[in-house]
2 protein chains.
Amino acid sequence: MSTAVRNDDSGLRAAPKGGSGLRKQSKADASRERVLEAAAKTFSERGYAGTTMRDIARAADLQAGSLYYHYPSKELLIEAVIDKGIHNITNAVVNTIATLPPSTSYADRVRAAIQAHLHALLTYSAFASASRHLLAQVPVEVRRKHVLRREAYEEFWLGLLQSSQAAGETRDGVDLRLARTFILGGLNSALDWYRPEGKSIEELADQFAMMVEGGILIDRPD
Amino acid sequence: MSTAVRNDDSGLRAAPKGGSGLRKQSKADASRERVLEAAAKTFSERGYAGTTMRDIARAADLQAGSLYYHYPSKELLIEAVIDKGIHNITNAVVNTIATLPPSTSYADRVRAAIQAHLHALLTYSAFASASRHLLAQVPVEVRRKHVLRREAYEEFWLGLLQSSQAAGETRDGVDLRLARTFILGGLNSALDWYRPEGKSIEELADQFAMMVEGGILIDRPD
DNA sequence: GTCTATATTTTGATAGAC
DNA sequence: GTCTATCAAAATATAGAC
């Protein structure tokens with residue numbers, strides 16, 4: 001019953017300093033990564049202004065001053081976090097859909113998208129949470145850029161639903177834009193209540209897909 | 001098609017200072033109210049730590065020092081905002097359901113609850129937004145109390161769905177707790193994208209009810 | 001790369017005049 | 001009730017030793 005295609009790709013890999021194309025993954029990169037993870041966790045828990053550079057430093061096992069070797073300011077740090085939060089999900093979903101066999105029904109495509117979205121959301125939950133809840137609190141320029149990226153992702157979902165409609169697989173009378181926000185809103189709410197001790201992400205996805213199909217897609221004969 | 005029962009009640013009316021039961025609604029109360037509105041708006045836009053007392057004062061047309069005549073601290077101010085945000089919605093929904101004729105079907109009850117929830121959410125959106133997005137950023141004691149209130153509200157919804165199930169009006173195989181979070185997550189997401197220029201709240205509610213019924217409740221003959 | 005100062009600015013809150 | 005200072009604490013970011 002579950003459609004288990006998936007494809008992670010965080011995007012955003014820092015280029016090596018040198019100039020030639022050779023990868024030189026080393027200590028600095030590892031620290032930078034640790035700082036970013038610490039920032040995501042702390043920002044998502046306390047908000048943008050509520051998080052101090054000292055908080056992040058403590059979570060990354062560093063002193064506050066040392067953060068500035070890796071990121072030049074608090075603003076660019078939250079930007080990197082939000083960026084990754086959006087990319088994680090977008091890449092996972094887009095890649096998953098791209099990998100499906102061309103003959104896949106739209107109901108199954110939507111099901112796979114739900115699966116991929118939920119999986120990325122809950123696997124990188126600190127990044128996802130930051131990019132969902134903190135956009136409003138962030139400096140305007142950062143916000144503007146990422147609102148556009150989010151809209152692009154939402155547009156991808158709309159396309160999915162529109163194709164589904166064109167194929168006669170959606171229920172009559174449903175406003176596809178509203179259906180899209182309803183679906184994404186329901187999925188994203190998992191950030192607020194999901195606990196790994198409970199149902200697995202796959203079970204969650206199956207349940208959600210079932211509700212979405214029954215409500216938005218026409219019942220189809222098994 | 002729309003179930004237009006509704007019942008607003010903000011709760012939270014400050015008692016008059018005097019001691020006897022006589023209402024003395026006057027200048028202080030008006031200012032206090034203005035401060036609360038300003039706080040809700042500013043907190044919801046910039047987060048808890050991101051909002052300064054000076055920001056709130058400006059939005060309320062006062063000087064920063066003057067706020068402390070009405071509220072003793074920033075912490076009690078956000079608490080009042082969050083409190084009102086939760087009460088607005090809970091009261092609206094509970095009162096709406098209580099007012100329905102006993103013979104009302106569960107599908108219609110859910111539809112009325114969706115209508116009332118959406119209406120309260122979007123009418124007092126600054127308060128609702130603060131109590132939804134800022135809980136994590138608020139001092140622990142405030143948070144603990146309001147998490148309980150939110151859970152009580154969610155429990156009310158679960159009861160609604162369970163009664164529906166007992167009456168044979170829900171679709172087989174659906175996990176009611178998940179259905180509840182999915183519904184509320186989808187509805188609450190309207191905070192992020194609803195614009196008064198577009199569809200009316202009633203139209204929105206009808207669309208959402210239709211999706212929920214088709215997905216979660218058994219299709220019923222018209 | 002990471003540390004230990006430290007400057008500069010901003011914040012929540014108070015005091016006292018009106 | 002609201003204003004104008006002002007205090008004390010905390011924050012971002014920088015400088016320079018190691």
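Below, chains carry the letters A, B, ... as their sequence lines are ordered, and counting in each starts from 1.
Straight-line distance from the CG atom of A:Leu62 to the C1' atom of C:dT4: 14 Å, rounded to whole Å. A:Phe43 has its CZ atom 12 Å from the C1' atom of D:dT12, to the nearest Å. B:Leu67 has its CG atom 9 Å from the P atom of D:dC3, to the nearest Å. The distance between atom OH of A:Tyr68 and atom P of C:dA5, rounded to the nearest whole Å, is 18 Å. For the pair A:Glu75 CD and D:dT12 C1', the computed distance is 12 Å after rounding to whole Å. Distance A:Ile56 CD1 to D:dA13 P: 10 Å, rounded to the nearest Å. The separation between A:Arg34 atom CZ and C:dG1 atom P is 13 Å, rounded to whole Å. At whole-Å resolution of the value, CZ in B:Arg54 and P in D:dC3 are 14 Å apart.
Nucleotides of DNA chain D nearest to A:Ser66 and A:Asp55 differ in position, and the one nearer the 5' end is that of A:Asp55. Nearest-nucleotide positions on DNA chain D place A:Thr52 closer to the 5' end than the other of A:Ala64 and A:Thr52.
Checking side-chain atoms of B:Glu203 against main-chain N and O of B:Ser200 turns up a donor-acceptor pair under 3.5 Å.
Residue A:Ser31 has a polar side-chain atom (N or O) positioned under 4.0 Å from OP1 or OP2 of C:dT2. Between D:dT2 and B:Tyr69, no contact under 4.0 Å exists linking OP1 or OP2 to a side-chain N or O. A sub-4.0 Å separation between OP1 or OP2 of D:dT2 and a side-chain N or O of B:Gln63 is absent.
Salt-bridge formation is not detected for the pair B:Arg32/B:Asp29: no Lys NZ or Arg NE/NH1/NH2 atom is positioned less than 4.0 Å from an Asp or Glu carboxylate oxygen.
Atom NZ of A:Lys74 has more than 12 heavy atoms from other residues, nucleotides or ligands within 6.0 Å.
The aromatic rings of A:His117 and A:Tyr153 sit parallel, their planes meeting at an angle under 30°, below the 60° perpendicular limit.
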